[in-house]
Protein chains: 2
Amino acid sequence: MQIVTEHRRKDIHNSDIPSVCAACEARHGGVCGTLTPDQLLDLSRHSTRRRVEPGREVVGQGEMTDSYANIISGVVKLSKVLSDGRQQIVGLQFAPDFMGRPFTRESALTAEAAIDTDICSFPRNVMERLVAEAPGLEHRLHEQALKELDEARDWMLTLGRKTAQEKVASFLYIIATHIDPENGTATEFDLPLSRADIADYLGLTIETVSRQITKLRKDNVIRIENSRRVTVPSMDRLMHVAGID
Amino acid sequence: MQIVTEHRRKDIHNSDIPSVCAACEARHGGVCGTLTPDQLLDLSRHSTRRRVEPGREVVGQGEMTDSYANIISGVVKLSKVLSDGRQQIVGLQFAPDFMGRPFTRESALTAEAAIDTDICSFPRNVMERLVAEAPGLEHRLHEQALKELDEARDWMLTLGRKTAQEKVASFLYIIATHIDPENGTATEFDLPLSRADIADYLGLTIETVSRQITKLRKDNVIRIENSRRVTVPSMDRLMHVAGID
DNA sequence: GGAGACCTTTGATTTTGATCAAGTTGCAGA
DNA sequence: TCTGCAACTTGATCAAAATCAAAGGTCTCC
């Protein structure tokens, strides 16, 4: 895992602060928006920015989770595996989401970068100290948990009750709406996941995913520039095929 | 919806309190354990205890959620439906779980009693006032949300990657471990869900659920007294069939 | 530019679970 | 006790997706 620690010098509120978390400068959709300047400084002293390459594990299933992180750019897959190797992606996290399971050292998930991903991480003990001090921070983490819960439940409907065609369309819709959070829904984008990952996200096989993408292309619901790049001529059409009302 | 408001007279800390929420007397696994006596009193003044019969809706999908509730006894199904009627149960809540989606008026779920269920509910505004006052309460709600998120993600693995046989065994295991939280895992219990509900929880059809239950019976993984009552001779065996390591 | 690895697509066939269709069973109410 | 209905089970058939198999593509590294 390539680690690049980056501390840029910057003043906050005219005080002589030695360094500021690069993530927090860039993103306030993460977890830092709720902190006071002093707390932000405290956090930034312990933060580490690093780039994680695709397939690189951020936190292993069953391992001690010793850190929390903001995603600065990129996409992280959260997955679970059965003992025989069957795998399910149970969540995707996009910038500027916050990652980490508060209040437990045991992670039931594997977190892995899907594409090149920059994260800013801080040690568990620092985070937990700040949570105890800053009531707004726990509220922020709570809202993140509730958002992920809503998303997980939406996805359960997709996994349990949609056809392969609807599942693939639902996946494309999710990507279109999350890949570029600053600019809203994208009509043209690169898929952050391989066919194998898409299959693991949808509870399908690679072959079924491929066939359904081909069918969507033939039905003019999407256009395919190359295997990763997709264009959506009509988002309404895609949503309709996805079974989203 | 049959509503029985029940306020029992009881003293707390020797003060002259008019009434106490019956739920809070009985259960501290809910949300009340974190409150001070004064807050508990405040909450109890606004609480309503009622019995909800099976099939009765607690909160409709897309409706305004105007209350929070502790489940005193019983089981509540949380479900989502597609416009064409396909339905997925996205969560089961057992006593003494807390129900309600903080910080939003819009519920994306339908909450419905699966069996006779006693709940103790309080208005949204009272709850939100208490959350603002009592930091421990938000922490308690946060932990509940994280627990539900962990459960949802576990279930996603089941929905996406397990066979019908494993799904049914997983369901039976969930019931065995949750139906009587005070006494741990039960080896003999009544299913709180009909075959149709089980199918909606597992993303299967009624017929498939029935066949798999028959198969589990023939394989001596479970015994069936009647269509609702189940005995599990070996929990290890059941877990193994469920694909739980 | 070519070899090899990996990812993706496509085709043929099989399997799992869905669908269609009767029957049972159990239970509430006459 | 009988009747009628809803819930459940079982059987036959069908269809969607999995599996098995074989090509294409694309990319990296010589």
Side-chain angles (χ1 to χ4, degrees), chain A residues 53-55 77 82 84-89 114-116 158-172 190-219 222-230 241-243, chain B residues 53-55 77 82 84-88 114-116 158-172 190-219 222-230 241 243:
Chain A
E53 279 150 19
K77 313 176 280 188
L82 252 16
D84 63 2
R86 281 174 287 175
Q87 185 166 169
Q88 177 68 44
I89 292 178
I115 54 177
D116 276 350
T158 299
L159 286 174
R161 289 300 184 201
K162 288 189 185 174
T163 63
Q165 176 81 161
E166 290 167 329
K167 285 180 176 183
V168 171
S170 298
F171 164 74
L172 293 171
D190 281 322
L191 296 176
L193 268 54
S194 67
R195 298 293 185 269
D197 283 339
I198 299 171
D200 282 344
Y201 192 35
L202 297 170
L204 299 171
T205 58
I206 296 174
E207 295 92 326
T208 298
V209 169
S210 178
R211 280 185 245 272
Q212 295 302 335
I213 288 177
T214 300
K215 182 165 192 309
L216 288 172
R217 180 174 53 71
K218 287 183 177 166
D219 294 347
I222 54 173
R223 259 174 287 129
I224 304 285
E225 318 297 327
N226 60 55
S227 70
R228 289 279 181 148
R229 188 141 195 96
V230 174
V241 175
Chain B
E53 279 150 20
K77 314 176 280 190
L82 251 17
D84 62 2
R86 280 175 289 174
Q87 184 166 169
Q88 177 68 43
I115 54 177
D116 276 350
T158 299
L159 286 174
R161 289 302 184 199
K162 288 189 185 175
T163 64
Q165 178 80 161
E166 291 168 329
K167 284 180 175 182
V168 171
S170 297
F171 164 74
L172 293 171
D190 282 322
L191 296 177
L193 267 53
S194 68
R195 298 293 186 270
D197 284 340
I198 299 171
D200 282 344
Y201 192 34
L202 297 170
L204 299 171
T205 59
I206 296 174
E207 295 93 324
T208 297
V209 170
S210 178
R211 279 185 246 271
Q212 295 303 333
I213 288 178
T214 299
K215 183 165 191 311
L216 289 172
R217 180 174 54 69
K218 287 182 177 165
D219 294 348
I222 55 173
R223 260 174 287 130
I224 304 286
E225 319 296 328
N226 60 56
S227 69
R228 288 280 182 145
R229 188 143 195 94
V230 174
V241 175

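Note that the coordinates shown come from a computational prediction; the quantities given were computed from them, not determined experimentally. Residue numbering restarts at 1 for every chain, and letters A, B, ... go by the order of the sequence lines. Heavy atoms only: backbone and side chains are in, while hydrogens, waters and symmetry mates are out.
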[X] vs [Y] side-chain heavy atoms within contact, under 4.5 Å:
X       : Y       : value
R195(A) : S227(A) : yes
L216(B) : L172(B) : yes
V209(B) : I206(B) : no

May I have the distance from [X] (atom [atom1]) to [N] (atom [atom2]), rounded to whole angstrom?
X       : N       : atom1 : atom2 : value
I206(A) : dA17(D) : CD1   : P     : 17 Å
K167(A) : dA16(D) : NZ    : P     : 14 Å
K215(B) : dT9(D)  : NZ    : P     : 16 Å
D197(B) : dA6(D)  : CG    : C1'   : 14 Å
R217(B) : dC8(D)  : CZ    : C1'   : 12 Å
D190(B) : dC8(D)  : CG    : P     : 12 Å
I213(B) : dT9(D)  : CD1   : C1'   : 11 Å
I198(A) : dT8(C)  : CD1   : C1'   : 11 Å

Quiz item: When every nucleotide of nucleotides 15-29 of chain C is labelled 5' to 3' by its protein contacts under 4.0 Å (heavy atoms), B for base, S for sugar-phosphate only, - for none, what sequence of letters results?
Solution: --SSBB---------
Practice problem: Describe the nucleic acid contact of S210(A) in one word from base, sugar-phosphate, nothing, applying a heavy-atom distance below 4.0 Å. | Solution: base
Exercise. State which residues pass salt bridge (charged side-chain N to carboxylate O under 4.0 Å, His left out) with R86(A); sequence neighbours excluded, sorted by chain then number.
Key: D84(A), E166(B)
Practice problem: To the nearest 0.5 angstrom, please state how far the CG atom of L202(A) sits from the CZ atom of F171(A). | Solution: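 That separation rounds to 7.0 Å.
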Quiz item: Which of these passes side chain to side chain donor-acceptor pair (under 3.5 Å) with Q212(A): R217(A), K167(A), Q165(A), E207(A)?
Solution: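 It is Q165(A); the other options fail the test.
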Quiz item: Is it true that R229(B) and D190(B) make a salt bridge, defined as a side-chain N closer than 4.0 Å to a carboxylate O?
Solution: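 The answer is yes: the pair qualifies as a salt bridge.
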Self-check item: Pairing of R161(A) and D200(B) as salt bridge, 4.0 angstrom limit
Solution: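 Here R161(A) pairs with D200(B) in a salt bridge, since their nearest N and O are under 4.0 Å apart.
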Quiz item: Are the side chain of Q88(A) and the backbone N or O of Y201(A) linked by a donor-acceptor pair below 3.5 Å?
Solution: yes
Quiz item: Looking at five pairs on each end of the helix from dG1(C)-dC30(D) to dA30(C)-dT1(D), what is the angle between the two axes, given to 10 degrees?
Solution: 40°
